[in-house]
Undergrad: 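Quick one: the structure is below, and I'll ask about it shortly.
Note: hydrogens, waters and symmetry copies are ignored here, and every other heavy atom, side chains too, is used. A, B, ... follow the sequence lines: proteins, then strands. Residue 1 opens every chain.
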Number of protein chains: 2
Amino acid sequence: MSVTIRDVAKRANVSLGTVSRYLNGYRLREHNRIRIEEAIRELGFRENFLAKGLKTNRSMTIGVVLASLTDLFATSVITAAEGILAEDNYSIVVCDFQASQEKLEQKLRFLKARSIDGLILFPGSCEAADALREYLDDGIPVVIVNDDMPGLETDKVTVDNASASFRAVEWLIHQNHRDIAIINGDQNTYTGRERYKGYLEALKTYDIQPRNEYITFGHFSNRGGYEAAKKLLDLPDPPTAIYTTNYYMTFGAVIAINEAKLRIPEDISFIGFDHFDLSDVINPPLTVVEQPTDKLGELAARTVLRRVKGDYQDFPMQLGVNTRMIMKESVRTL
Amino acid sequence: MSVTIRDVAKRANVSLGTVSRYLNGYRLREHNRIRIEEAIRELGFRENFLAKGLKTNRSMTIGVVLASLTDLFATSVITAAEGILAEDNYSIVVCDFQASQEKLEQKLRFLKARSIDGLILFPGSCEAADALREYLDDGIPVVIVNDDMPGLETDKVTVDNASASFRAVEWLIHQNHRDIAIINGDQNTYTGRERYKGYLEALKTYDIQPRNEYITFGHFSNRGGYEAAKKLLDLPDPPTAIYTTNYYMTFGAVIAINEAKLRIPEDISFIGFDHFDLSDVINPPLTVVEQPTDKLGELAARTVLRRVKGDYQDFPMQLGVNTRMIMKESVRTL
DNA sequence: CTGAAAGCGCTTACAG
DNA sequence: CTGAAAGCGCTTACAG
């Protein structure tokens, strides 16, 4: 029903192999090129990617697998990646696995069955799946975002989680804070553990004894951040500064602070994580650690693309992107 | 290189047509069925969707096109849709168009070239694209979410935007509020216009004269909501209640209220829109209009699936889903 | 219920 | 540079 390469060939008076070659960027006689281009235009021909994929064993799609589509960090990264991939005519197929190891396996198999050419994975709290090894065995490139997945030979792009924490806490220390609390994320995630580690290292480096009651856990959620902050503020000896380790906990904590009628930074200093709209709407705007989601997405995309195209130089790569601190007014010098 | 239907046939000692029929759920002799199942298991056979798609002209993928992947409403809907589609072995291909009409056209063509079987579209502030008509011409089903797109013959699923506003404002009126402000979204979106309309109708129904200074516009963003609220609170004669018409503006407005050191609901009553985590973390929890994103997503998914499968009964459908009000403590009775 | 065969729309050695 | 031909992994009338 639709117009095929064969129709174009007939109209342009060439063989269909020639049309195919034209489509794939080979040189051909000027004269033929022009006739083919005319025919394509007149007929409104469009390539059939399915047929092409069947022959070339490429689907021109990259799978994206993440815990939740409503996670702002991941979707920001994906947005950037999609832009890069689209430039090369790749589209993205998205699946979420709702932090369930079982669902993760299932989705990975699901996508594999659709012969995706590459995979970008946000593992979150899940572990290296068996299904993932099947990708590696079959030579399908996998790029993992913000996770280490020890023992898994794939490319990985991460931000400097530990260093980000270190510098955030160091900055507080330089402002003469000593009673610095952290609101941690899940410790069964790589980012959660790394960010906690950076906090501990900064304290250690400056010979500050970590205090158990300042170390709280907010599960990376709004409510978690809220409750952790509340607990901190209720302490007989509350911290002078709070550092939260992701976006959602940041706003939960800010709400708790507002509610306690404390002012930032007069009553309590604050450093948040992730730099999205709300961070600057809040008054005062928050000093935060910014993850370069656009760079991460771009890097992830370019890396899969390289691998998909067969360039396996420096495999496996462990690519790091630096966070930066957005300096606003939520930290007071003591 | 990979194992095909032909290998299975050989091993099971049947023709490859028989294997194909088995795969597609036709009945066959018990004896053959068992041998085929064995062969599939032993060989680790997996269908090649590309080849299948080439013959059947179905790619088993549904395109999802939206303005931004970081929009919580849309991603919530998509999450629900993805679940339903995956049950039927469909996957989703996602593109965002960053509120650019041109990009929208481009992405629609891009996806069409990949022979998606159906499309779920969140048009936002964009208009019916030419590319969209090509879908209709080619019989590719399109389901539009939360938009009316007059003149476009497709299925549409929306929430009761105007009625939602009406009821929210009516509730405020019943609590004896008369000075009710609205923070509107973009008026070049369907949802923005409808929600505004419901507000005006409620006032009219209860013979309340709308006041210009109470009608503000926050562009559906955090900052917009913040600034609109600020303006309202600075009024010589400020409203006794504020109604915000989406999630992002709700939190911008709450921040402005906090900042003005006003208490909800003692100093000002408040009804928000959309029910996500933060709504309940805030103190007091906000009374909000909840959009049933899961139902919307499910409905959108089931509708494309029906059409994809050729069931065009009642086409085009205009499906409405009711919002409900989550009653919390942010509204005071005057 | 099943086999043999044609064909979906492309790509790609192989000759020339 | 180009044509003719084989084939990617499936589906589906057509006979039987």
Undergrad: Show me the pairs that pass side chain to side chain donor-acceptor pair (under 3.5 Å) and involve residues 62-77 of chain A, at least two apart or across chains.
TA: A:S68-A:T70
Undergrad: Calculate the interatomic distance between A:L23 atom CG and C:dT11 atom P; express it in whole Å.
TA: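 So the CG-P distance, A:L23 to C:dT11, works out to 6 Å.
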Undergrad: Figure out the CZ/P separation between B:R29 and C:dC1, and round it to whole Å.
TA: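 In whole Å, C:dC1 P lies 10 Å from B:R29 CZ.
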Undergrad: Residues from residues 32-48 of chain B sitting under 4.0 Å of DNA chain C, heavy atoms only?
TA: B:N32
Undergrad: Taking only nitrogen or oxygen atoms into account, show me every contact under 3.5 Å that the protein makes with nucleotides 12-16 of chain C, one pair per line with its distance.
TA:
residue	atom	partner	partner atom	Å
C:dA13	N6	A:R21	NH2	2.8

Undergrad: In whole angstrom, give the distance that lies between atom CD1 of B:I5 and atom C1' of C:dG3.
TA: 13 Å
Undergrad: Only Watson-Crick and G-U wobble pairs, only distances under 3.5 Å, only runs of 3 or more: what stems does that leave for DNA chain C?
TA: C:1-3 with D:14-16, C:5-12 with D:5-12, C:14-16 with D:1-3
Undergrad: Base, sugar-phosphate, or nothing: which does A:L54 touch, judged by heavy atoms less than 4.0 Å apart?
TA: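 Base contact.
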Undergrad: When you measure from every atom of DNA chain D, which of residues 109-117 of chain A have a heavy atom less than 4.0 Å away?
TA: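 By residue number: none to list.
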Undergrad: Send over the distance from B:N57 CG to C:dC10 P, rounded to a whole Å.
TA: 11 Å
Undergrad: Counting N and O atoms only, with roles assigned by atom type, does the side chain of A:D88 sit under 3.5 Å from a partner on the main chain of A:A86, one being a donor and the other an acceptor?
TA: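 Such a contact is absent between A:D88 side chain and A:A86 backbone.
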Undergrad: Identify, with sequence neighbours excluded, every residue that meets salt bridge (charged side-chain N to carboxylate O under 4.0 Å, His left out) alongside A:R35.
TA: none
Undergrad: Which residues pass the side chain to side chain donor-acceptor pair (under 3.5 Å) test with A:K156, not counting sequence neighbours?
TA: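 For A:K156, no residue satisfies side chain to side chain donor-acceptor pair (under 3.5 Å) once neighbours in sequence are set aside.
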Undergrad: Near A:K112 NZ, under 6.0 Å, is it more than 12 heavy atoms from other residues, nucleotides or ligands?
TA: yes
Undergrad: With A:E127, which residues qualify under side chain to side chain contact (heavy atoms under 4.5 Å, CB included), at least two apart?
TA: A:Q101
Undergrad: List for me each residue that meets side chain to side chain contact (heavy atoms under 4.5 Å, CB included) alongside A:D294, sequence neighbours excluded, and say none if there are none.
TA: A:A80, A:P292
Undergrad: Between B:S59 and B:S115, is there a donor-acceptor pair closer than 3.5 Å when you use the side chain of the first and the backbone of the second?
TA: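 Judged by distance alone, yes, a pair lies under 3.5 Å.
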Undergrad: Could you tell me which residues satisfy side chain to side chain contact (heavy atoms under 4.5 Å, CB included) with B:A67, sequence neighbours excluded, listed by chain and number?
TA: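 If we apply the side chain to side chain contact (heavy atoms under 4.5 Å, CB included) test to B:A67, skipping adjacent residues, the hits are B:F97.
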Undergrad: Please report, rounded to the nearest Å, how far the P atom of D:dC8 is from the CG atom of B:D7.
TA: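 Computing the B:D7:CG to D:dC8:P distance gives 10 Å.
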Undergrad: Test of understanding: with ring pair (Phe, Tyr, Trp, His ring centres under 6.0 Å), list the residues that count as partners of A:F276, not counting sequence neighbours.
TA: A:Y247
Undergrad: Establish, yes or no, whether the cationic atom of B:R307 lies under 6.0 Å from the six-membered ring centre of B:F315 and within 45° of the ring axis.
TA: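 Judged by the rule (NZ or CZ under 6.0 Å from the ring centre, within 45° of its axis), B:R307 is not positioned above B:F315.
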Undergrad: Which whole-number value in Å describes the distance from B:Y22 OH to D:dT11 P?
TA: 13 Å
Undergrad: Taking CZ from B:F49 and P from D:dT11, how many angstroms apart are they, rounded to a whole number?
TA: 10 Å
Undergrad: Calculate the interatomic distance between A:K10 atom NZ and D:dT2 atom C1'; express it in whole Å.
TA: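 After rounding, the reported distance stands at 18 Å.
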Undergrad: With sequence neighbours left out, write down each residue that passes side chain to side chain contact (heavy atoms under 4.5 Å, CB included) with B:E102, or none if nothing qualifies.
TA: B:S100
Undergrad: Starting from the 5' end of DNA chain C, give me the residue, B:A51 or B:V14, whose nearest nucleotide shows up first.
TA: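 The answer here is B:V14.
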